[in-house]
Amino acid sequence: MKSLIIDCLAYIDGKRVLARDVIGAGPRTVKGILQNEGINAKIIPIEDLNINETKKYDVIFISAMTSDFKCVKRLVEKLKLKTNSKIIIGGPIANDLYLLEKIEGDISIVGEGEITIRELIKKDFNAEGVKGTTYWDYDNDELKINPLREILTDLKLITPSTEIKDYKNYFSARVYVEVVRGCSNFKRPLLLCTNKKCNLCKNGTLKCPLNINPGCGFCSVPSVFGYARSRDEEDILIEIEELLKEGVKKIVLSAPDFLDYKRGEKLINPYYPEPNYEAIESLLSKCKELADKYKANILVENIKANLFNERVAKIFSKYLKTSIYIGCESGDEEHCRLLGRPSTPNDVLKTVKLAKKYNLKAQVYFIYGLPGENERTVKNTINFMHKIKNYIDKITVYKFRPLPMSAFQNFKPNISKYSLLIKETANKINLEIKKKYIGKILEVIISERHFKNKNDAIGYLPDSGLMVVVKNGSQYIGKIKKVKIIKAYKKYLEGILWRD
């Protein structure tokens, strides 16, 4: 049996413009499961897909996010014309239990796939009775929805493939390695509670009497993946070293909150206990040894500001040379409380100041169009952005999307004349920050040809995902070159090759 995994993650309309240097953990995880079960498997990013080649495969997996709906719908329509292969859709897009009524796939995998895919293989991909799936019953021409699967407790079943060369840009990409699965924030967004108050959820509970899904209202991680639990250090390090041996230069230790790593069992409290400093230092010190050995970089993505303190900052600064990513979402304290956020803007301010003190780059996330957003929350968010701008390396802003299985799944984006001010302010601040790079000589990993100017190239800084357009750099793809920055734009830098 031959299987194909099509990576549609962040392709939205079929072309990935931003974050082109990201290789997610999901498709590699699916490939690893298939290979462990004796099935030949290959990953192809959708933009590299030759639709005529798909007829060679018996089973086709599609990995995508909710925002990739249009891309996946068009892809499946094309596949149906070219092949009779079984089409299985997974990733966050499949959290919509009625997805197969909108996209003509055969099976969707809801949530964690480690056990579900193994059961499907044993049943020759007949989804009847397989938990964690929906499937199209062609005999009765109707969608069948099986019960959701219990949370995965044996993380030894997470066996990602490290055959990374399925991706052409593996040498310059940020390759994600899963460290923590699930989230410890089991608070509820008080925006949905009677009188916007609920003492029961002060520290989070597994069950809510109002059946409000746990976590920040805009996030589906606690509902889909459950409480936070950590992979074994040994398994993480084996995966990282295998990827580095293949030529990967940037590894991202991926988690909804890296500071949940080994913090406790069945974590549903985002505040207590404190971070497991010893376990974090052990993992990071060994990661640094590997990074030094293979001349690579280790990045940490996603930390909760409420858990970040001076002791964490000291550990990070000792072993990391890269950015840390912090969710703020709203700069209004009351709005954060109503959203179910575990951190306040003051927590974020404290974190970015500590990061600056210990020479750590910090990137902060915000969302516009959120439920509960109004003129006051926008004003406070903009003021907060200006308050932190001298301590950070970048602001990332997303438009609110109602994710299936999140508490806000039935809300529509609340886009007002004020909402767009958040995006505009972020763009102005990012340009201010990027102008500080002008005149500097930086090492850049040259990744691919420029989309329009074929003599130019697109590259990335080794310690982050910051994109650099390198003039006349296309002949150096795959190389690390010194580049002098000459211009700054909202989304990227521009530079010229520098010769000592």
Is there a side-chain contact between [X] and [Y] (heavy atoms, below 4.5 Å)?
X	Y	result
Tyr176	Ile23	no
Gln363	Ser464	yes
Met1	Tyr57	no
Thr396	Tyr325	no

Under 4.0 Å between a side-chain nitrogen and a carboxylate oxygen: does that hold for [X] and [Y]?
X	Y	answer
Glu233	Lys286	yes
Lys102	Asp96	yes
Glu163	Arg28	no
Asp166	Lys31	yes
Lys86	Asp106	no
Arg174	Asp21	yes

Would you find a donor on one side and an acceptor on the other, under 3.5 Å apart, between the side chain of [X] and the backbone of [Y]?
X	Y	value
Ser419	Asn414	yes
Lys187	Arg337	no
Thr134	Ile145	no
Asn302	Ala255	yes
Lys123	Glu128	yes
Asp232	Asp235	no
Asp393	Ser323	no
Asn185	Asn269	no
Arg16	Val22	yes

[X] and [Y]: side-chain donor and acceptor closer than 3.5 Å?
X	Y	answer
Ser447	Ser172	yes
Thr344	Asp347	yes
Arg263	Ser184	yes
Tyr135	Asn126	no

Contact summary for [X] and [Y], nearest pair of heavy atoms:
X	Y	answer
Met405	Val110	CE-CG1, 3.5 Å
Glu329	Leu370	O-CD1, 4.2 Å
Leu100	Ser108	CD1-N, 3.8 Å
Asp68	Ala10	OD2-N, 3.0 Å
Cys219	Val221	SG-N, 3.4 Å
Phe61	Ser3	CE1-CB, 4.5 Å

Checklist line | Residue from Arg181, Arg231, Arg149 passing salt bridge (charged side-chain N to carboxylate O under 4.0 Å, His left out) with Glu114 | finding: Arg181
Check: Who passes ring-ring contact (aromatic ring centres under 6.0 Å, His included) against Tyr368, sequence neighbours left out?
Finding: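 Partners of Tyr368 by the ring-ring contact (aromatic ring centres under 6.0 Å, His included) criterion come out as none, since no residue qualifies.
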Note to self: Are more than 12 heavy atoms, taken from residues, nucleotides or ligands other than Glu104, located less than 6.0 Å from that residue's CD atom?
What the structure shows: no
Check: Any cation-pi pair here, Lys288 with Tyr319, using under 6.0 Å and within 45°?
Finding: no
Note to self: Applying side chain to side chain contact (heavy atoms under 4.5 Å, CB included) to Lys245 and Thr162, what does each step give before you reach the verdict?
What the structure shows: CA-CA 10 Å; Lys245 284 179 180 177; Thr162 54; over 6 Å; no
